[in-house]
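Here's the structure, in structure tokens; my notes come after.
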Amino acid sequence: MVQVAGKVQEVLKDPDGGLVVLSGGGTSGRMAFLMSVTLRTIKITVTELPGAPLARPSVSFNQLMKGLGQKPLYTYLIAGGDRSVVASREGTEDSALHGIEELKKAPFVAGQMDYCMNNTAVFLPVLVGFNPVSMARNDPIEDWSSTFRQVAERMQKMQQNQKAFVLNPAIGPEGLSGSSRMKGGSATKILLETLLLAAHKTVDRGIAASQRCLLEILRTFERAHQVTYSQGPKIATLMKHVSASLEKKGHVYLVGWQTLGIIAIMDGVECIHTFGADFRDVRGFLIGDHSDMFNQKAEITNQGPQFSFSQEDFLTSILPSLMEIDTVVFIFTLDDNLTEVQTIVEQVKDKTSNIQALAHSTVGQSLPIPLKKLFPSIISITWPLLFFDYEGNFIQKFQRELSTKWVLNTVSTGAHVLLGKILQNHMLDLRISNSKLFWRALAMLQRFSGQSKVRCIESLLQAIHFPQPLSDDIRAAPISCHVQVAHEKEQVIPIALLSLLFRCSITEAQTHLAAAPSVCEAVRSALAGPGQKRTADPLAILEPAVHRTQHLDVMNKVEYCSAFGYIRS
């Protein structure tokens, strides 16, 4: 990290010589958008999985530079373009060639990293991840000649000469298997904001980046964890409200001001592919001006309700149709326009009494009494007066964003667990929207059915393509063809699993699922039947994971608690 911070310093010292570009797909791309970071140095490219043309600078670090009277040097790429910021488009990260094309004017990350390594006079690639390189996916990429692991191994070799870098601290498994929006997304934000802010602070002082500077910033995120989870009981209460709304077929609206609105949008979007949720189930809205935030604003203008996220969209499309079974969560700081907050809250309260607040303040600030009285419950997070310099204000901004992310991830994840979407820490009802999720679905079928890979593939393809019978042509089709069909279907994995467990047709499996109170109850019943292995209750398995956090570092604690720490309270 110290070496990469030094490379960023080189860009900051010569603002006409390069860009810092953050590039990613899915959660990583949304983090890139939030932080405005894809590194170009000489051009530096920090990537996790890529997608949109290099253009207008973005949110946080460019604001910092403008405040210091400096030229903004940050921009972002996201797989699928700006549409992927506000809507679920996970399949776009599968194309390596698309990643290269966007970088010139792989899947997504692999293509970009490979291109950067072939053009080191222009690019310095930095790969961010949280598993050893030896555990990287080694599956063939359809439109590419290398596997992701081969690309990462090549980067490791080039790191010896500082021609590329791999930042991959091991932070333990995800609380929810494969849910990288949680620990991985949070760790990405912590790592990159620490690294980049350290580069800014040290270059301003005319000194080299050091481990001490990095550690000082990292400890501010540890304090953010402590402050956030002191609100555990109130977070649990909010989780139950959200779960109750979803169980009654109501909706959950996360209404946030400034960058907290972006966090809200991200949380809602990620529920779609993570839990197989409809885009209307949990939706985020941004209150504030977003006119200069996107590379290609035209991509999301007038594109339909799935791409609606603005204040106007909420007031004109959502507010008139709000019902009592809906829950609306307001997310703001006491530095925001509280008169505006109160006006919108009053409008919403005329429609539903299920309103909650997540309010960030600094010591000495207090919520106005008229506004406070509108909420039956408030998660009030108070931050200490610690920072007085300009960069320090951004540390507190980053803390509030991360704290909001943790709270919302906890609430939306826990709510879907309570709805029976999770079996033994596995997202049984996820939507198969890219090749990674296809292979994860297959692994779950093998795990829970105990049957062969060949039989599980057959059942998975039957569930995906039903009612069309499987032909040799369908079996031989590339993964992308199966993903394209599966992305539009619900409950593919549980139907395939029930078909395996009951040794029945897809139609019969659908009938079993429809008769059960939840996906997990249907599968638990099947697993408990004659001839099946009995498995432990999924909630009982969560407790050891929570207890293990005593021995893990702060980021492990954060994400285990984020996923499961309050579910049984």
Side-chain angles (χ1 to χ4, degrees), residues 26 80 83-84 87-95 142 176-179 246 249 268-283 304-307 416 419-423 426-449 451 453 455-471 473-502 504-523 526:
R83 291 186 183 188
S84 297
S88 179
R89 306 181 77 224
E90 302 305 302
T92 55
E93 68 187 51
D94 279 344
S95 173
E142 284 185 19
L176 257 187
S177 177
S179 182
L246 295 177
K249 306 302 180 185
V269 167
E270 287 158 4
C271 287
I272 299 171
H273 60 272
T274 303
F275 305 112
D278 187 270
F279 80 91
R280 301 173 188 86
D281 290 349
V282 181
R283 296 180 66 181
Q306 190 170 352
F307 298 92
H416 283 94
L419 287 174
K421 294 278 192 174
I422 309 301
L423 185 66
H426 287 269
M427 302 177 292
L428 193 61
D429 200 16
L430 62 80
R431 193 178 292 265
I432 302 174
S433 53
N434 57 35
S435 62
K436 174 182 67 178
L437 298 179
F438 179 91
W439 293 116
R440 185 174 300 155
L442 178 61
M444 282 192 283
L445 294 182
Q446 291 180 266
R447 174 188 176 90
F448 288 111
S449 75
Q451 298 188 36
K453 182 177 180 179
R455 180 69 190 92
C456 290
I457 288 178
E458 185 81 359
S459 182
L460 181 58
L461 294 183
Q462 285 175 340
I464 289 173
H465 293 280
F466 182 82
Q468 183 178 359
L470 287 187
S471 64
D473 287 343
I474 291 178
R475 291 184 179 93
I479 299 299
S480 59
C481 293
H482 305 313
V483 169
Q484 186 176 9
V485 177
H487 180 60
E488 303 300 325
K489 292 195 171 185
E490 297 180 351
Q491 301 182 321
V492 166
I493 300 171
I495 289 170
L497 180 55
L498 290 174
S499 175
L500 289 165
L501 293 174
F502 286 118
C504 67
S505 67
I506 296 299
T507 301
E508 291 171 313
Q510 290 173 329
T511 301
H512 283 296
L513 184 58
S518 72
V519 167
C520 285
E521 284 300 318
V523 175

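Treat the numbers as computed from the prediction; the structure is a model and nothing was measured.
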[atom1]-[atom2] distance between [X] and [Y], expressed to the nearest 0.5 angstrom:
| X | Y | atom1 | atom2 | result |
| --- | --- | --- | --- | --- |
| S435 | I479 | OG | CD1 | 8.0 Å |
| L428 | R447 | CG | CZ | 11.5 Å |
| M444 | L423 | CE | CG | 9.5 Å |
| H465 | C481 | NE2 | SG | 8.0 Å |
| L498 | I506 | CG | CD1 | 9.5 Å |
| I493 | R431 | CD1 | CZ | 11.0 Å |

Which heavy atom of [X] sits nearest to which heavy atom of [Y], and what is that distance?
| X | Y | answer |
| --- | --- | --- |
| Q491 | D429 | CA-OD1, 3.4 Å |
| S449 | L445 | OG-O, 2.6 Å |
| A463 | V492 | CB-O, 3.7 Å |
| L470 | I474 | CD2-CG2, 3.7 Å |

Is the shortest side-chain heavy-atom distance between [X] and [Y] below 4.5 Å?
| X | Y | value |
| --- | --- | --- |
| R440 | M427 | yes |
| I457 | L460 | no |
| K453 | L442 | yes |
| Q468 | V485 | no |
| T274 | K421 | no |

With sequence neighbours excluded, tell me which residues meet salt bridge (charged side-chain N to carboxylate O under 4.0 Å, His left out) with E488.
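Partners of E488 by the salt bridge (charged side-chain N to carboxylate O under 4.0 Å, His left out) criterion come out as none, since no residue qualifies.
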
Enumerate, atom names and distances included, each donor-acceptor pair closer than 3.5 Å involving a side-chain atom of residues 509-518, sequence neighbours excluded.
from: T511; atom 1: OG1; to: T507; atom 2: O; distance (Å): 3.1
from: S518; atom 1: OG; to: E521; atom 2: N; distance (Å): 3.1

Test F275 against every option in I422, L430, V519 by the side chain to side chain contact (heavy atoms under 4.5 Å, CB included) rule and name the one that passes.
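Going through I422, L430, V519 one by one, the side chain to side chain contact (heavy atoms under 4.5 Å, CB included) with F275 is satisfied by I422 alone.
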
Taking only residues two or more places apart in sequence, or in another chain, which ones meet S505 in a side-chain hydrogen bond (donor to acceptor under 3.5 Å, both in side chains)?
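Result, side-chain hydrogen bond (donor to acceptor under 3.5 Å, both in side chains) vs S505: E508.
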
In terms of relative ring orientation, are F438 and H482 parallel, tilted or perpendicular, with 30° and 60° separating the classes?
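Rings of F438 and H482: parallel, as their planes differ by under 30°.
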
Step through the shown structure and confirm whether more than 12 heavy atoms of other residues, nucleotides or ligands are within 6.0 Å of CD on Q446.
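Enclosed.
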
